[in-house]
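Letters A, B, ... mirror the listed sequences (proteins, then strands); counts begin at 1.
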There are 2 protein chains.
Amino acid sequence: MTTIKDIAKAAGVSVTTVSRALNGYSDVSEKTRLKIMNLAKELNYSPNTLARGLVMNKSKTIGLLVSGLNRESAKDQITFSVLSGINECASELDYDLVLFNTNSTKQREKTYTQLCRERRVDGAIIQGIKTDDPYLQEVVNSDIPCVLIDYPIQSENVGHVTTDNKLGAKKAVNHLIELGHRNIAMVNGHSKAFVSNMRFEGYREALQEAGISYKKEWIVNGRFEEEAGKLQAIKLLEKYPEITAIFSASDLMALGILEGAKELGRKVPEDLSVVGYDDILLAGYSNPPLTTISQNIFQLGYQAANLLIKMLEGTLEPHVITLGTKLVVRESTAKNHK
Amino acid sequence: MTTIKDIAKAAGVSVTTVSRALNGYSDVSEKTRLKIMNLAKELNYSPNTLARGLVMNKSKTIGLLVSGLNRESAKDQITFSVLSGINECASELDYDLVLFNTNSTKQREKTYTQLCRERRVDGAIIQGIKTDDPYLQEVVNSDIPCVLIDYPIQSENVGHVTTDNKLGAKKAVNHLIELGHRNIAMVNGHSKAFVSNMRFEGYREALQEAGISYKKEWIVNGRFEEEAGKLQAIKLLEKYPEITAIFSASDLMALGILEGAKELGRKVPEDLSVVGYDDILLAGYSNPPLTTISQNIFQLGYQAANLLIKMLEGTLEPHVITLGTKLVVRESTAKNHK
DNA sequence: CTGAAAGCGCTAACAG
DNA sequence: CTGTTAGCGCTTTCAG
């Protein structure tokens, strides 16, 4: 394996000169630079980023802590899209990504700070963190630049990107209200997810503004899972048959609700309107196709990486990016005829 | 940032001893070990893997070159599933993953070897490589341990994992033959993909064994894209209306074929049977649901990582792993009535 | 059982 | 414009 030392020897110069030439410093004569460049190519030289990172104390590497990189999460492509977005941006700005092992319990014993420091990543992006995650406190206390996806922390070196979840939820519920629904239930994710709280806020506010008082009993949690969504919907609809519409905090759960409704013999959208959230791929293929709130997950990842790198390179203070959402009307919602 | 030097100072021992204690060597007195361990915890020590990697010449890191980490590939979750599988296994065996930037053209200028050597990865996993990819030759020549997914190279330090594509294709075509079809066309991916070639082999062999001579004109390429699949299917069916069944080398293309058939007014499966390949999520949701060949993509990734790590740790020679496939009959195939 | 010393490959003052 | 020197944090002979 060629090192700068080898090049130096071959060129008859010092390693310093080689280093400077290779890194494009101006204070090297054109002649030596050329000689060194050629030699480097000839000897098939690749710089050792470990050595460089060791002395420079940075690695051009971003650490990724993504929660959903597992078999179960293939159904919505949310994790994948976030990853794609991050990858695209990192690629453009010439950073590499390291995927941390946070799956195994063994690894989970390592703290966030340990993970990042061991690998000497320049910064980190975290997705899928819950409000009770022990990493959370660490992120705030740590001096490692970090961007959170869908979790609202901001500090000296922590920024975050998210979508306007409250407004998104309002759009969904307003759509139902405009269709004449008044008995609108909500299947939420879980109380530990920031987005759940915001979507609930939007739900509540939309009802309020329409002069509809909301019922606590009509709000249930489906843990963002399809099956749980189905079960909760069935329970809900059996107990309160007067419900004519359900707002679901995720498409996956909405898919479950669709199934639940079918089991109960309630036709969607004739007897029940359903609005989802996310606009996952399946939303367009379900039966009926799902009306939902679309968010650009790819962009979420892209912006997260962009923000982090800007922070790392000192061109930007940590801050917050909020992306928009869009109501996509398909066939799971209809006028209320009751 | 605490280093072993700090610990050494605090403990009143040499750095050597600290290093040995921390790494579980036996030749350290229980007393000193304990003292050092406590100090390490107290001072919040994390080892610097860069420094360690530099001297040990390995990094407990696997480099990933995956082709489909981009916006377009979200529709089949193949890339994602591979990634999940790799991640799961790496997690269990305590390796970290680095995602290389192979998207941008800038980065593409770096050779495979450069990429791996710069980051000093212990080995690499490559997915989605084409037969004309310049990386291919490098992989063979390089001394970096590598596992290829779905590409059949084997050498001193190159292994690969794949599924039995030929047999899979045969299962698909045999299914059609058993349903009474004789005029079976094939929409393949592209000639640069190894799996395409194998699936074609399976197609040909199945026909041959059934005593059906195959027609070259009935084999077209849809580049593994939905839209192209649709276009090709339309052209094919218009020109050769006698075709009663199509075997598609991917589900995504099969989805396109379904659409194409609809545009031509040919009902699936009554007027046309379609078999896909992959069993992607959407296959179960299309209209009609797709009969297809299921392969366990997650397992493909998992086994790739497992094989590589075993190779790295010297417990296994590089070799080949071939996974099975399964015919999944849904509603896009039916008896031929002509 | 422990320490001194060398060195992994690279960059960065500093001095010429 | 170039070289000398030191050192990043760690592991590893080699001697005690």
### Task
Give a yes or no on whether A/Gln154 atom CD has more than 12 heavy-atom contacts from other residues, nucleotides or ligands under 6.0 Å away.
yes

#### Entry: Rounded distance (Å) that lies between atom P of C/dA12 and atom CG of A/Asn57
12 Å

### Message
Rounding to an integer number of Å, can you tell me how far A/Arg33 CZ sits from D/dT2 C1'?
### Response
13 Å

### Query
Considering only side-chain heavy atoms of B/Arg52, which listed nucleotide, C/dC1, C/dT11, D/dC10, is closest?
D/dC10

### Message
Give the residues of residues 12-21 of chain B touching DNA chain D, defined as any heavy atom closer than 4.0 Å, sorted by residue number.
### Response
B/Thr16, B/Ser19

### Query
Rounded to the nearest 0.5 Å, how far does CG of B/Leu93 lie from CD1 of B/Ile309?
4.5 Å

### Query
Using the C1' atoms of five pairs at each end, what's the angle between the two axes of the helix from C/dC1-D/dG16 to C/dG16-D/dC1, to 10 degrees?
40°

### Message
In this structure, how many angstroms lie between the P atom of C/dG9 and the CZ atom of B/Arg119, rounded?
### Response
18 Å

### Task
Give the rounded distance in Å between these two atoms: CZ of A/Arg117 and C1' of D/dC10.
16 Å

### Query
Roughly, in whole Å, what's the span from NZ in A/Lys58 to P in C/dT11?
12 Å

### Summary
Here the distance between atom C1' of D/dG7 and atom CE of A/Met56, to the nearest Å, is 15 Å

#### Entry: Identified side-chain contact (heavy atoms from CB on, under 4.5 Å) counterpart of A/Ile4 within the set A/Thr16, A/Thr17, A/Val18
A/Val18

#### Entry: Identified side chain to side chain donor-acceptor pair (under 3.5 Å) counterpart of B/Arg119 within the set A/Thr49, A/Asn48, A/Thr61
A/Thr61

### Query
Taking the six-membered ring for Trp, are B/His190 and B/Phe224 parallel (under 30°), tilted (30 to 60°) or perpendicular (over 60°)?
perpendicular

### Shortest side-chain distance from A/Lys5, nucleotide among C/dC10, D/dT11, C/dC8
C/dC8

### Message
Looking at A/Asp122 and A/Lys58, is any side-chain nitrogen of the basic one under 4.0 Å from a carboxylate oxygen of the acidic one?
### Response
no

### Task
Whole angstrom is fine here: how far is it from CG in B/Leu54 over to P in C/dT11?
12 Å

### Message
Parallel, tilted or perpendicular, judged at 30° and 60°: which one describes the rings of B/Tyr135 and B/Tyr112?
### Response
tilted

### Nucleotide nearest B/Ser29 (side chain, heavy atoms from C-beta), chosen from C/dC1, C/dA12, D/dT2
C/dC1

### Message
Under a 3.5 Å threshold, yes or no: a donor from one side chain and an acceptor from the other, between B/Ser81 and B/Ser84?
### Response
no

## Note on the structure
Residue pairs meeting salt bridge (Lys or Arg N to Asp or Glu O under 4.0 Å), one or both in residues 33-42 of chain B, sequence neighbours left out, come to B/Glu30-B/Arg33

### Query
Can you check whether B/Tyr25 has a side-chain N or O nearer than 4.0 Å to OP1 or OP2 of D/dT13?
no

### Message
Please determine whether a side-chain nitrogen or oxygen atom of B/Asn23 lies at a distance below 4.0 Å from atom OP1 or OP2 of D/dT11.
### Response
yes

### Query
Heavy atoms under 4.0 Å, any strand shown: does B/Asp27 hit a base, just sugar-phosphate, or nothing?
base

### Query
To the nearest angstrom, how far is A/Met1 atom CE from C/dG9 atom C1'?
12 Å

